[in-house]
Amino acid sequence: MLQSQSFKLAMKIFTKLFVSIFFVGYIKFASGTWGTLAAILILFPIIKFTTLSFELLFIIFVILFFISNLCINYFSHLTNSNDSKHIVIDELLGIYIILIFYDFIFIYNDFLTLILIFFIFRLFDIVKLFPANYIDKNFKNGYGVMLDDIVAGIYTILTLSILNAFI
């Protein structure tokens, strides 16, 4: 019984830590913006300075996607909420999908590219163009929480690819 309670407590702590990206999601204002910044600061060095293949990065993304779904659903159950402001792992997944394609969207230098990624992603994440708005309104689970940010990431990739073609 005590072991079961310890496990439940450990799962609660892990889930809060995971879905909030080390408690960044608990910042009182603009948690999605802070989550996006944290995601860039965590993921960019990993993706830029490792020799992981595109395929391996994508496999890691898929694994992270399914683990995130489980954790988001558990956190939502614990807090009796859907898409809580504390959940910012969805921003990390949106940024992750963008950074997988970093070589295709790179513009002039890393700093400019990351600034553009940050602002364009935040714009699409806030505006929620179709199908992100549909997903956000109709999927009240972990997948719905994550997929609108992944759509925002895909729109960011497309925007930067088009911008890159004209520069």
Side-chain angles (χ1 to χ4, degrees), residues 1-47 57-102 114-160:
M1 175 98 163
L2 182 61
Q3 191 175 23
S4 176
Q5 289 176 347
S6 297
F7 179 76
K8 285 182 180 181
L9 179 61
M11 280 303 299
K12 285 180 184 179
I13 292 168
F14 171 79
T15 300
K16 286 181 179 182
L17 186 73
F18 185 82
V19 300
S20 67
I21 309 176
F22 303 104
F23 299 111
V24 168
Y26 284 89
I27 295 174
K28 295 271 187 222
F29 62 97
S31 59
T33 300
W34 288 108
T36 302
L37 180 61
I40 289 171
L41 293 173
I42 292 167
L43 293 173
F44 178 72
I46 294 169
I47 291 174
L57 288 171
F58 191 76
I59 289 167
I60 293 167
F61 173 82
V62 171
I63 292 167
L64 190 59
F65 177 81
F66 287 112
I67 291 170
S68 297
N69 180 57
L70 292 172
C71 288
I72 290 169
N73 287 334
Y74 183 62
F75 183 83
S76 296
H77 172 74
L78 287 175
T79 60
N80 198 25
S81 65
N82 179 56
D83 202 1
S84 165
K85 298 294 180 194
H86 301 309
I87 300 171
V88 292
I89 193 68
D90 52 332
E91 273 77 18
L92 184 130
L93 290 167
I95 293 298
Y96 192 126
I97 199 78
I98 297 166
L99 292 178
I100 289 176
F101 293 94
Y102 188 78
L114 293 174
I115 293 293
L116 289 170
I117 288 170
F118 178 83
F119 284 108
I120 294 169
F121 174 77
R122 286 306 300 147
L123 175 70
F124 284 126
D125 189 25
I126 292 166
V127 172
K128 296 192 187 317
L129 299 176
F130 183 82
N133 58 357
Y134 178 83
I135 293 166
D136 188 54
K137 289 179 185 166
N138 295 295
F139 292 79
K140 301 299 182 189
N141 56 26
Y143 293 123
V145 172
M146 294 181 295
L147 285 173
D148 68 311
D149 290 86
I150 292 170
V151 168
I154 293 168
Y155 281 144
T156 302
I157 294 166
L158 294 172
T159 302
L160 289 172

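Values below: all heavy atoms of this structure, side chains included; hydrogens, waters and symmetry mates excluded.
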Which heavy atom of [X] sits nearest a heavy atom of [Y], and at what distance?
X    : Y    : value
I89  : S68  : CG1-OG, 3.4 Å
G35  : V24  : N-CG1, 3.8 Å
M146 : D90  : CA-CB, 3.8 Å
D148 : A132 : CB-O, 3.7 Å
N133 : K128 : CB-O, 3.1 Å
L41  : P45  : O-CD, 3.3 Å

Working to the nearest 0.5 Å, report the span between [atom1] of [X] and [atom2] of [Y].
X    : Y    : atom1 : atom2 : result
Y134 : N138 : OH    : CG    : 4.5 Å
N69  : L93  : CG    : CG    : 10.5 Å
I27  : F29  : CD1   : CZ    : 7.0 Å
F139 : N82  : CZ    : CG    : 12.5 Å
L64  : L57  : CG    : CG    : 11.5 Å
L43  : L92  : CG    : CG    : 4.5 Å

Self-check item: Positive for ring pair (Phe, Tyr, Trp, His ring centres under 6.0 Å) with Y155, one of F121, F124, F130
Solution: F124

For residues [X] and [Y], determine if any side-chain heavy atom of one lies less than 4.5 Å from a side-chain heavy atom of the other.
X    : Y    : value
I154 : I150 : yes
L114 : F118 : no
L99  : I117 : yes
V88  : V19  : no
S76  : N141 : no

Quiz item: Using the ring of each side chain (for Trp, its six-membered ring), is F14 parallel, tilted or perpendicular to F18, with breaks at 30° and 60°?
Solution: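 Parallel.
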
Exercise. Measure up the F75 and H86 rings against each other and bin them: parallel (under 30°), tilted (30 to 60°), perpendicular (over 60°).
Key: perpendicular

Would you indicate whether [X], at its atom [atom1], is surrounded by more than 12 heavy atoms from other residues, nucleotides or ligands within a distance under 6.0 Å?
X    : atom1 : answer
K140 : NZ    : yes
F58  : CZ    : no
F22  : CZ    : no

Quiz prompt | Test ring pair (Phe, Tyr, Trp, His ring centres under 6.0 Å) applied to F61 - qualifying residues, sequence neighbours left out | solution = Y96

Exercise. Taking the six-membered ring for Trp and the full ring for Phe, Tyr or His, determine whether the centres of F44 and Y102 are under 6.0 Å apart.
Key: yes

Exercise. Begin from the C-alpha positions of K16 and Y26 and carry the test side chain to side chain contact (heavy atoms under 4.5 Å, CB included) through to its verdict.
Key: CA-CA 10 Å; K16 286 181 179 182; Y26 284 89; 3.7 Å; yes

Quiz item: For residues 30-44, which residue pairs qualify under side-chain hydrogen bond (donor to acceptor under 3.5 Å, both in side chains), counting only residues two or more places apart or in two chains?
Solution: T33-R122

